[in-house]
There are 2 protein chains.
Amino acid sequence: MSLPTRRRPPPRPSGSTASERLKEAAIIEFSDRGFHATTTRDIAARAGLSPAGVYVHFPSKEDLLYAITLDGHLAALEMLQEAATDAPSPVEALRTTVGTFAQWHAERFQDARVVQYEFPHLGHEHREHILGIRKQINAVVSDILTLGVAEGLFDVDDIPATTLAILSMAVDVCRWYDSEIKRSPESIGNDYGELAVRLVSARG
Amino acid sequence: MSLPTRRRPPPRPSGSTASERLKEAAIIEFSDRGFHATTTRDIAARAGLSPAGVYVHFPSKEDLLYAITLDGHLAALEMLQEAATDAPSPVEALRTTVGTFAQWHAERFQDARVVQYEFPHLGHEHREHILGIRKQINAVVSDILTLGVAEGLFDVDDIPATTLAILSMAVDVCRWYDSEIKRSPESIGNDYGELAVRLVSARG
DNA sequence: GTCTATACCTTGATAGAC
DNA sequence: GTCTATCAAGGTATAGAC
């Protein structure tokens, strides 16, 4: 079965500018070893700059983390909103949004790990901004469930709790996925979209 | 509906010895800020010791992380095995194991965060040992699914993938749960046990 | 915008008295 | 077993030449 409303995330622009190369280097280092275990020297070396070169483009290591997490959250939110808008029914909307979200957590598992695991290390102001985007991501799925319940398609007791459980499954993909894994991101997306539908579908 | 085979995790022994107090302090600090962002001074201060006091009881910060993660993984494994053994059927076994597991991830969310998010920062040898225990945890659920499929109770395409998705939901509880949250760990355990059964049950 | 050099601080861990 | 004092290493970030 094909899922025509599912979109592949656009390829990440390859780093031409120093600023792009720094962000790409930081994603690899942060996702691999965590924000605090990564040194600015590691990032600079991977981007082909001297240790001081980082500070021309980002005022601090935390600002670099913020730039990355902001990119990642906005990309995820836009993909979800687009998938939800295009879907002809709540069932299709749930299948395609969760599928897209899970696929992204596999295909871009390094970006996703920074998004999911490192954003708590942001400073207060930056973290608050990101938390606002996260609420919007939550709302995309929550709204689909609300609509599906109203139309009698879904059987859901507690919408916020179920939203959380569905997103949990998809988010956790970035924890176990890596480039060694045989299952394709597309196949993972298909499976998780299906699991989400199964989790909320009204019984015959 | 009551779930008689679900057990409450035993209360954590309150820290009488300095070694216990150090482990408790480290759980709080590691879960809150991560392994690398936590200093041995933070841990020592919380345990009521001088910075040097740590090294009488643990040869290094990494050894302290290992002691904590080992405790946590063994506790989780034992709870799961006990729940699985006591259950009268695969359906009940799945409900009670996943429920127990999710409940633990709420009730002991700080221990669980160290177990789930900090264990990758262990040294090679220690990490390998922990990975062995994690495989056993996986196997408890995987074996239940296999049995349930053989008995025609479950409808599961890919047992490893479904095991992963079910455990993902429960593991992720420790990411969002905290002491502010109104839902009780028991109620979360009930819900997640039910969700797991719903995910794999054969359709009428 | 990139470099070399370095200031200044914090870190994990140790020495040695009690 | 706990302390005070301290070391050596490595951290973020800055200064100033080019």
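No experiment lies behind these values; they were computed from the predicted model shown. By convention in this document, chain letters (A, B, ...) are assigned in the order of the sequence lines, proteins followed by strands, and residues within each chain are numbered from 1.
Atom CD of B:E125 has 12 or fewer heavy atoms from other residues, nucleotides or ligands within 6.0 Å. With a 6.0 Å radius and a threshold of 12 heavy atoms from other residues, nucleotides or ligands, A:D157 has its CG atom at or below the threshold.
Where B:G48 and A:F35 meet DNA chain D, the nucleotide closest to each residue was compared, and B:G48 sits on the side nearer the 5' end.
The residue B:T38 sits close only to the backbone: its heavy atoms come under 4.0 Å of sugar-phosphate atoms, none of a base.
Listed nucleotides: D:dA13, D:dG1, C:dC3. Nearest to the side chain of B:V56: D:dG1. Of the candidate nucleotides D:dG11, C:dC3, D:dA13, D:dG11 has the atom lying nearest to any side-chain atom of A:T39. Considering only side-chain atoms of B:R41, the nucleotide from D:dT2, C:dA13, D:dC3 that sits closest is C:dA13. Proximity note for B:Y55 (side chain, C-beta onward) versus C:dA13, D:dT2, C:dT4: the nearest is C:dA13. Of all nucleotides listed (C:dC3, C:dG12, D:dT4), C:dC3 comes nearest to the side chain of A:A52.
OP1 or OP2 of C:dG12 lies within a sub-4.0 Å distance of a side-chain N or O belonging to B:T40.
Summarising the geometry, the separation between CG on A:D42 and C1' on D:dA13 is reported as 16 Å, rounded to the nearest angstrom. Summarising the geometry, the separation between CG on A:L49 and C1' on C:dG1 is reported as 9 Å, rounded to the nearest angstrom. If you take CG of B:L65 and P of C:dG12, they are 13 Å apart, rounded to a whole angstrom. In this entry the distance linking CZ of A:R21 with P of C:dG1 reads 12 Å, nearest Å. Atom CD1 of B:I43 and atom P of C:dT10 are 18 Å apart (whole Å). Rounded to whole angstrom, the span from the CG atom of A:L22 across to the C1' atom of C:dG1 amounts to 12 Å. C:dG12 atom P lies 12 Å from atom CD of B:E29, rounded to whole Å. For A:H36 and C:dG12, the NE2 to P distance is 12 Å, given to the nearest whole Å.
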* For A:R21 and A:E24, run salt bridge (charged side-chain N to carboxylate O under 4.0 Å, His left out): C-alpha distance rounded to whole Å, both residues' side-chain angles, the deciding distance at 0.1 Å, then the answer. => CA-CA 5 Å; A:R21 289 204 316 276; A:E24 285 172 21; over 6 Å; no
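Under the 30°/60° scheme for interplanar angles, the aromatic rings of B:F119 and B:H73 are found to stand perpendicular. A parallel orientation is assigned to the rings of A:H121 and A:F35, their planes being inclined by less than 30° (bins at 30° and 60°).
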